[in-house]
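Worksheet for the structure shown next.
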Protein chains: 2
Amino acid sequence: MPKRVDHAERRDQIAEALLRVAGRRGLHAVGMRDVAAEAGVSLRLVQYYFETKEKLLLHGLRHLAARFGERVTARIGAAGPAPGPRERVEAMLTAALPTDEESRTFHLVYTSYAVLSVTDPALAAQPFIKDPDAAESALTELLRQAQESGLARPDLDARLEAVGLLALSAGLGTSVLVGQRTPESAITVLTHHLDRIFQPAPGAQPAAG
Amino acid sequence: MPKRVDHAERRDQIAEALLRVAGRRGLHAVGMRDVAAEAGVSLRLVQYYFETKEKLLLHGLRHLAARFGERVTARIGAAGPAPGPRERVEAMLTAALPTDEESRTFHLVYTSYAVLSVTDPALAAQPFIKDPDAAESALTELLRQAQESGLARPDLDARLEAVGLLALSAGLGTSVLVGQRTPESAITVLTHHLDRIFQPAPGAQPAAG
DNA sequence: ATCTTGATGGTACAGCCGTATCACGTACGT
DNA sequence: ACGTACGTGATACGGCTGTACCATCAAGAT
């Protein structure tokens, strides 16, 4: 046989090419030939590693979600040596805002996938809503911890707030994406809402435990 | 000449056909032939009234925005004979949530346009962000009125809250659209946030003025 | 009555898309 | 050493897309 190739690695390379061109020209305008050219390979190779375009798109979606997870992790790590709940929450929510090229691409392509998943039975909702659900649970847990630590108002429904914050972040992200709002103003709105949640209970000391 | 035809009316008929098929199969999958078939006319006629697909899409967007405006107005009117600020705000925000077929189509197609406008220079942001900006101003004004009437907390920045509410509503709408959340839970979250804003100033009587 | 012009139908054309097919080289198992 | 399976290239094919072209009918103007 010829040089044995790591299929998983090659598939990821091609998936990254897909995301790059999708971020530039829109997911709807992405063809297999574009992906091949962007990845520097022949059209045949894209066919070889992903037999069909549908599989390519699905893998692209998974790859995008994975990269975003790493981005959030990195952001939390960059927030300091031992980031508190608020820092973690801010890292999660601002990571999705289109503030730089990577997050801009992420938001655009992810929204494109979301739109496609509504009508395309292939990109079924099943794999699509898994990650948002996980984010919602993680955020809820962070808010609960903040409440127990006395950092956040204890009279709030943590899950309700988590859902609201994620929807707020997504909505703000879209408005930034279409140029209606600047990233700074979006962050201002987000911070404002976090300030209302992260208020110590009246007369409570921020005790550990 | 043959039967003189009202061009504006015919264009609206075709635009409605466009929106119907876009709501069913996704805006990305809409071709001129589909629109023609849905409208019950020949392909040639679609070309005749909209010379190019780009112009058809642009008119479709305007028509969608207009229909949504009427929907909001109708909702406000249905909220009672003399709806107060809170009722008006609720009508605006819930009208965009995908609770029935019409709003579902609206949200899907509008989001599709938003995604397209990011990369397509034709659907420039110029006409696209006009309506959201108007909604933001209208909502801000309603919140200010509520504050002056003592119905809403006076210590809030009305515009900041308006921006947040619109982004929240948009984000919730998308999550409902992709099937992550039920319309009821979205309304719950929205109502919850409105409850926090629409609180009378401590010790203030809801006097008119 | 004829000419003009708006409205409509049918259809052809060039281009792109995803997919399939054929061909070839190369490196490992035997 | 050799055959077999993997990796890769080139290209063809059918279908769909937006657009352009040609023809026709109808009704008002002259």
Side-chain angles (χ1 to χ4, degrees), chain A residues 1-22 24-61 109 112-113 115-116 119-123, chain B residues 1-22 24-61 109 112-113 115-116 119-123:
Chain A
M1 313 155 183
K3 45 174 174 177
R4 283 309 196 67
V5 171
D6 185 338
H7 274 223
E9 185 181 346
R10 187 80 94 165
R11 282 163 64 92
D12 282 354
Q13 286 174 4
I14 297 178
E16 297 242 352
L18 161 67
L19 297 182
R20 279 197 299 276
V21 55
R24 241 183 292 129
R25 299 210 292 260
L27 188 59
H28 66 283
V30 174
M32 316 229 74
R33 287 164 177 83
D34 305 297
V35 176
E38 176 76 22
V41 300
S42 74
L43 168 62
R44 180 67 181 88
L45 274 228
V46 181
Q47 283 189 263
Y48 183 70
Y49 290 101
F50 304 91
E51 276 140 65
T52 178
K53 187 184 183 181
E54 176 183 313
K55 295 180 182 173
L56 170 61
L57 288 180
L58 275 167
H59 186 79
L61 175 58
V109 179
S112 301
Y113 274 116
V115 168
L116 282 189
T119 46
D120 260 334
L123 276 77
Chain B
M1 312 151 182
K3 44 177 174 176
R4 285 306 196 69
V5 171
D6 185 340
H7 274 224
E9 185 182 346
R10 187 79 98 167
R11 282 162 63 93
D12 281 355
Q13 286 174 6
I14 297 179
E16 297 241 353
L18 161 68
L19 297 182
R20 278 197 302 273
V21 54
R24 240 183 293 130
R25 299 210 294 260
L27 188 60
H28 67 282
V30 174
M32 315 229 77
R33 285 163 179 84
D34 305 298
V35 176
E38 177 76 20
V41 299
S42 73
L43 168 62
R44 181 64 181 87
L45 274 223
V46 181
Q47 283 188 264
Y48 183 69
Y49 290 101
F50 304 91
E51 278 141 63
T52 178
K53 186 182 185 182
E54 176 183 312
K55 294 180 182 172
L56 170 60
L57 288 180
L58 274 167
H59 186 79
L61 175 58
V109 178
S112 301
Y113 274 116
V115 168
L116 282 189
T119 46
D120 260 333
L123 275 78

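Below, chains carry the letters A, B, ... as their sequence lines are ordered, and counting in each starts from 1. Keep in mind it's a predicted model, so treat the numbers as computed, not measured.
- Counting heavy atoms from C-beta outward, Leu56(A) and Met32(A) have side chains that approach closer than 4.5 Å.
- At a threshold of 4.5 Å between non-hydrogen side-chain atoms, the residues Tyr49(B) and Gln13(B) do not count as touching.
- In this model, the phosphate group of dG9(D) is approached by a side-chain N or O of Ser42(A) to a distance below 4.0 Å at OP1 or OP2.
- You'll find the side chain of Leu57(B) stays beyond 4.5 Å of the side chain of Phe50(B), heavy atoms only.
- In this structure the side chain of His28(B) reaches within 4.5 angstrom of the side chain of Thr119(A), judged on heavy atoms.
- Contacts of Arg20(B) classified as salt bridge (charged side-chain N to carboxylate O under 4.0 Å, His left out), with partners at least two apart in sequence or in another chain: Glu38(B).
- Asp120(A) places no side-chain N or O within donor-acceptor distance of the main-chain N or O of Ala122(A), the cut-off being under 3.5 Å.
- Between the CE atom of Met32(A) and the C1' atom of dT11(D) there is a distance of 17 Å, given to the nearest Å.
- Put simply, the side chain of Ser112(B) does not reach to within 4.5 Å of the side chain of Val115(B), judged on heavy atoms.
- Using a distance-only test at 3.5 Å, with no hydrogens or angles considered, no donor-acceptor pair links the side chain of Asp12(A) to the main chain of Glu9(A).
- The stretch residues 43-54 of chain B comes close to DNA chain D through Leu43(B), Arg44(B), Gln47(B), Thr52(B), Lys53(B), each having a heavy atom under 4.0 Å from the strand.
- DNA chain D is contacted by His7(A), Arg10(A) of residues 7-20 of chain A, taking any non-hydrogen atom closer than 4.0 Å.
- Listed nucleotides dG7(D), dG6(C), dT17(D) differ in distance to Arg4(A); the shortest reach to its side chain belongs to dG7(D).
- At whole-Å resolution of the value, NE2 in His28(B) and C1' in dT17(D) are 14 Å apart.
- Both Arg33(B) and Gly40(B) sit near DNA chain C, but only Gly40(B) has its closest nucleotide nearer the 5' end.
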